[in-house]
Visitor: 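Could you have a look at this structure, given as structure tokens, before my questions?
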Amino acid sequence: AHMAIYLGLPNYANNLRRLGFSDDDLASGGSDRLVDAIVAWGDVGEIASRVADHRGAGADHVCIQVLDPDPRALPMPQWRELADALLG
């Protein structure tokens, strides 16, 4: 559901197509292949590892958006846990 918002925006969809994703990948909130490629998910260690992979590949900043099952929720505990893992 969170991905559907971005996949409906032409600038995001066109950029993903340029990166080799198909219209099928963009449909219905995103294919498993697309989600696995652009979303760091799992436990906090797995997410921190994905961020480290980006930094190791040369990124000097990585944007992180914590997704809560309730889109109206402010995920303070998750932000704190992830910050500890990334900065600790």
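Just so it is clear, the model here is predicted, and its values are computed rather than measured.
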Visitor: Is it the case that one hydrophobic cluster holds both Leu87 and Val62, taking links as side-chain heavy atoms less than 4.5 Å apart, direct or via other members?
Guide: no
Visitor: Once you round to the nearest 0.5 Å, how far does CG of Asn15 lie from OH of Tyr6?
Guide: 14.0 Å
Visitor: Using side-chain heavy atoms (C-beta onward) and a distance below 4.5 Å, is Ile64 in contact with Ile47?
Guide: no
Visitor: Check whether any side-chain heavy atom of Leu7 sits under 4.5 Å from a side-chain heavy atom of Leu34, and report yes or no.
Guide: yes
Visitor: Give a yes or no on whether Asp43 atom CG has more than 12 heavy-atom contacts from other residues, nucleotides or ligands under 6.0 Å away.
Guide: yes
Visitor: If I take atom CD from residue Gln78 and atom CG from residue Asp68, how far apart are they, to the nearest 0.5 angstrom?
Guide: 5.5 Å
Visitor: Indicate, with yes or no, if Ile5 and Met3 share a hydrophobic cluster defined by side-chain heavy-atom contacts under 4.5 Å among Ile, Leu, Val, Met, Phe, Trp and Tyr.
Guide: no
Visitor: Would Tyr12 end up clustered with Ile38 when hydrophobic side chains under 4.5 Å apart are linked, directly or stepwise?
Guide: no
Visitor: Quick one: pull up CG in Asp84 and CH2 in Trp79 and give me the separation to the nearest 0.5 Å.
Guide: 14.5 Å
Visitor: Within the supplied structure, the quantity of interest is the number of heavy atoms (other residues, nucleotides, ligands) at a distance under 6.0 Å from Arg17 CZ; does it exceed 12?
Guide: yes
Visitor: If you group Ile, Leu, Val, Met, Phe, Trp and Tyr by side-chain heavy-atom gaps below 4.5 Å, do Leu16 and Leu9 land in one group?
Guide: no
Visitor: Cluster question for you: counting only ILVMFWY and a side-chain heavy-atom cut-off of under 4.5 Å, with indirect links fine, are Val51 and Leu82 together?
Guide: yes
Visitor: For residues Trp41 and Leu67, determine if any side-chain heavy atom of one lies less than 4.5 Å from a side-chain heavy atom of the other.
Guide: no
Visitor: Going through the distances and angles, do Arg18 and Asn14 end up as a side-chain contact (heavy atoms from CB on, under 4.5 Å)?
Guide: CA-CA 6 Å; Arg18 280 191 294 275; Asn14 289 334; 3.9 Å; yes
Visitor: After noting the C-alpha distance and the side-chain angles of His2 and Val39, does the key distance pass the side-chain contact (heavy atoms from CB on, under 4.5 Å) rule?
Guide: CA-CA 11 Å; His2 292 283; Val39 176; over 6 Å; no
Visitor: Nearest 0.5 angstrom please: Arg33 CZ to Ser22 OG, how far?
Guide: 6.5 Å
